[in-house]
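The structure appears right after this line, and notes come after that.
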Protein chains: 2
Amino acid sequence: MAQKQENLSKNQKIVLDFIEKANQPLKAYSILFNVQKKGLKAPPQVYRALDRLVEIGKVHKIESKNAFVACKNSNCTISNATAFSICDGCEKVTEISNPKLSKYLSGFQDNSGMKYNKYNLEFFGLCKKCR
Amino acid sequence: MAQKQENLSKNQKIVLDFIEKANQPLKAYSILFNVQKKGLKAPPQVYRALDRLVEIGKVHKIESKNAFVACKNSNCTISNATAFSICDGCEKVTEISNPKLSKYLSGFQDNSGMKYNKYNLEFFGLCKKCR
DNA sequence: TTGAAAATGTTATATTATAACACTGTTACA
DNA sequence: TGTAACAGTGTTATAATATAACATTTTCAA
């Protein structure tokens with residue numbers, strides 16, 4: 001079963017709270033510096049919380065940036081179909097929530113014999129402001 | 001203009017040669033270790049070659065693995081539309097060459113105002129052998 | 001109430017990537 | 001023909017990202 005927020009551990013809550021307030025992708029060490037006042041002193045504490053939050057879909061990792069962002073899809077319980085829009089100008093990252101896109105990709109098959117169960121898509125470009 | 005292979009510099013050729021022979025994604029430091037006999041002694045030499053090779057589309061970076069693989073699409077000159085299939089079992093990575101998929105994604109638009117000019121897609125699952 | 005699983009705290013270290021600077025070779029073109 | 005611009009090289013050092021390993025504590029269902 002998917003874990004609910006109230007089941008999160010202390011460190012997991014602290015890390016998730018901070019990421020959710022940020023509204024933008026955060027680096028692990030930036031999270032670490034900012035939660036040190038809450039008692040998380042060393043990298044493994046942050047990385048462990050992040051690993052778990054990613055696993056349960058509360059947080060996504062933006063692979064091209066090594067950064068972590070809260071999931072905007074409130075009922076997202078598992079992170080097996082993610083798509084992001086990344087502005088090369090202002091670095092703004094937005095989670096794409098597009099049913100047609102996710103349906104298309106979730107149903108994607110080719111003749112390689114691979115059985116796909118997860119994907120991550122990152123689009124790059126320029127947003128309105130940066131054009 | 002896209003750079004042709006014969007225009008590659010010495011270090012770029014050495015690194016590309018090694019990646020092409022591998023037929024699988026390689027880590028930067030594994031490349032470094034293996035090209036030391038060819039005279040590339042320090043990380044920046046490898047990373048600079050990789051940066052350039054990625055820029056001109058000869059090499060792609062598998063972001064979820066921090067690894068580099070030769071482009072299989074022989075006429076690929078710029079790396080703005082990439083899709084990979086990654087087996088979670090044996091770690092085999094294959095570049096997906098599917099015109100319908102690339103057409104769909106290259107033409108993707110949403111109402112965010114973003115103008116997309118590049119994407120990277122990574123599919124995960126299990127290959128025939130690993131199922 | 002106890003024991004297995006999950007989480008925590010901690011130190012150290014591994015892995016990935018870039019900064020900075022001096023130098024070399026090539027090319028264009030005034 | 002000299003010189004400026006530029007891409008590439010070599011090198012040392014260090015920054016940034018992530019995990020190993022191990023001891024301890026908490027949780028919670030059997």
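Keep in mind that this is a model prediction, so the values were computed, not measured. Naming convention: chains lettered A, B, ... in sequence-line order (proteins, then strands); numbering from 1 in each chain.
When distances run from any side-chain atom of Ala28(A) to the nucleotides dT11(C), dT18(C), dA18(D), the shortest one goes to dA18(D). Of the candidates dT12(D), dG8(D), dA18(D), dT12(D) carries the atom nearest the Ala42(B) side chain, counting heavy atoms from C-beta on. Checking dG8(D), dA20(D), dT16(C) against the side-chain heavy atoms of Pro44(A) singles out dA20(D) as nearest. Between dA17(C), dT16(C), dT11(D), one nucleotide has an atom nearer to the side chain of Lys27(B) than all others, and that is dT16(C).
Between Ser9(A) and dA6(C), a side-chain N or O to OP1/OP2 separation shorter than 4.0 Å is absent. Phosphate proximity of dG9(C) to Lys10(A): present, with a side-chain N or O under 4.0 Å from OP1 or OP2. Between Asn11(B) and the phosphate of dG10(D), there is a side-chain N or O to OP1/OP2 separation shorter than 4.0 Å. Asn66(A) has no side-chain polar atom (N or O) that falls below the 4.0 Å cut-off from OP1 or OP2 of dA17(C). Between Lys61(A) and dA18(D) there is a side-chain N or O to OP1 or OP2 distance below 4.0 Å. An OP1 or OP2 oxygen of dT17(D) is reached within less than 4.0 angstrom by no side-chain nitrogen or oxygen of Tyr29(A). At dT8(C), none of the side-chain N or O atoms of Gln45(A) fall inside 4.0 Å of OP1 or OP2 (strictly under the cut-off). In this structure, Lys41(A) reaches the dT10(C) phosphate: one of its side-chain N or O atoms is under 4.0 Å from OP1 or OP2.
Legend: residues meeting ring-ring contact (aromatic ring centres under 6.0 Å, His included) with Tyr104(B), ordered by chain and number and at least two apart, are Tyr104(A).
The CG-P distance, from Leu53(A) to dA6(C), rounds to 16 Å in whole Å. Atom CD1 of Ile14(B) is separated from atom C1' of dT9(D) by 11 Å (rounded to the nearest Å). Rounded to a whole Å, the CZ atom of Arg48(A) is 12 Å from the C1' atom of dA23(D). One interatomic measurement links the two molecules: OH of Tyr47(A) to C1' of dA21(D), which rounds to 18 Å at whole-angstrom precision. Rounded to whole angstrom, the span from the CG atom of Asp51(B) across to the P atom of dT18(C) amounts to 6 Å. Between the CZ atom of Phe33(A) and the P atom of dT17(D) there is a distance of 9 Å, rounded to whole Å. If you measure from atom CG of Leu32(A) to atom P of dT8(C), you get 15 Å, rounded to the nearest angstrom. Atom P of nucleotide dA7(D) and atom CD of Glu55(B) are separated by 10 Å, given to the nearest angstrom.
Lys65(B) comes within contact range of no nucleotide atom at all, as no heavy-atom separation falls under 4.0 Å.
Between Val46(B) and Tyr29(B), every side-chain heavy-atom pair lies at or beyond the 4.5 Å cut-off.
Here the side chain of Glu20(A) pairs no donor or acceptor atom with the backbone of Asp17(A) at under 3.5 angstrom. Proximity of a side-chain donor or acceptor of Arg131(B) to a complementary backbone N or O of Gly113(A) within less than 3.5 Å is detected.
Checking Asn11(A) against Ser9(A) by side-chain atom types alone, no donor-acceptor pair falls below 3.5 Å.
Of the candidates Leu26(B), Leu50(B), Ile62(B), Leu50(B) is the only one forming a side chain to side chain contact (heavy atoms under 4.5 Å, CB included) with Phe68(B).
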